[in-house]
Engineer: 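This is the structure I want to talk about, given as structure tokens.
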Amino acid sequence: DNMFPSQAAIISEAFDLIRTPLMIIQSLGLGTLFVDLVVRFDRLNERFRVLHVIAVGYCIISYLFQIFVFYMDSAFLA
């Protein structure tokens with residue numbers, strides 16, 4: 001099946017159209033999640049507090065990595 005490269009190109013072009021708005025929405029969501037963590041930290045269940053902080057930290061770190069990959073893709077690979 002020789003259609004895979006053309007299908008991959010179509011999917012890549014479609015994703016390029018929504019990548020920037022999606023990253024803006026993600027940043028707003030992560031900002032809200034972080035502010036919620038800071039504001040409600042004392043009210044979090046102590047049993048899940050560490051897990052909650054690790055989960056929010058993981059989301060933020062993965063978003064920063066995504067920004068780095070987006071920058072590398074747009075700056076050097078295009």
Side-chain angles (χ1 to χ4, degrees):
D1 189 352
N2 231 0
M3 291 184 57
F4 181 72
S6 63
Q7 290 173 345
I10 292 170
I11 292 171
S12 177
E13 289 172 7
F15 187 68
D16 284 341
L17 291 174
I18 64 167
R19 184 182 294 171
T20 302
L22 184 63
M23 289 184 74
I24 292 170
I25 292 169
Q26 282 180 320
S27 68
L28 292 173
L30 283 173
T32 303
L33 190 63
F34 180 75
V35 168
D36 179 63
L37 173 69
V38 171
V39 170
R40 295 188 324 135
F41 184 77
D42 292 332
R43 287 181 260 154
L44 291 174
N45 188 348
E46 288 191 29
R47 187 171 150 207
F48 298 115
R49 187 178 290 174
V50 173
L51 184 63
H52 194 95
V53 171
I54 290 172
V56 171
Y58 176 77
C59 289
I60 291 172
I61 288 171
S62 65
Y63 180 72
L64 291 175
F65 180 73
Q66 185 178 358
I67 289 174
F68 174 71
V69 170
F70 179 65
Y71 168 74
M72 292 297 285
D73 182 48
S74 64
F76 297 114
L77 301 176

Engineer: Group every Ile, Leu, Val, Met, Phe, Trp and Tyr by side-chain heavy-atom contacts under 4.5 Å, then state whether V38 and I60 land in the same group.
Structural biologist: yes
Engineer: What's in the same ILVMFWY side-chain cluster as F48, cut-off under 4.5 Å, chained through other members?
Structural biologist: L51
Engineer: If you look only at distance, which donor and acceptor atoms sit under 3.5 Å apart when one is on a side chain in residues 27-34 and the other is two or more places apart or in another chain?
Structural biologist:
| from | atom 1 | to | atom 2 | distance (Å) |
| --- | --- | --- | --- | --- |
| S27 | OG | I24 | O | 2.7 |
| T32 | OG1 | L28 | O | 2.9 |

Engineer: Are V53 and L44 in one and the same hydrophobic cluster, where Ile, Leu, Val, Met, Phe, Trp and Tyr link if side-chain heavy atoms are under 4.5 Å apart?
Structural biologist: yes
Engineer: So, taking the atom named CG in L37 and the one named CZ in R49, what distance separates them when rounded to the nearest 0.5 Å?
Structural biologist: 10.0 Å
Engineer: Distance-only criterion, 3.5 Å: show the donor-acceptor pairs between side-chain atoms of residues 8-22 and protein atoms not counting sequence neighbours.
Structural biologist:
| from | atom 1 | to | atom 2 | distance (Å) |
| --- | --- | --- | --- | --- |
| D16 | OD1 | R19 | NH2 | 3.3 |
| R19 | NH1 | D73 | OD2 | 3.0 |

Engineer: Could you state whether V56 and M23 fall into the same hydrophobic cluster, counting links through intermediate Ile, Leu, Val, Met, Phe, Trp or Tyr residues with side-chain heavy atoms under 4.5 angstrom apart?
Structural biologist: yes
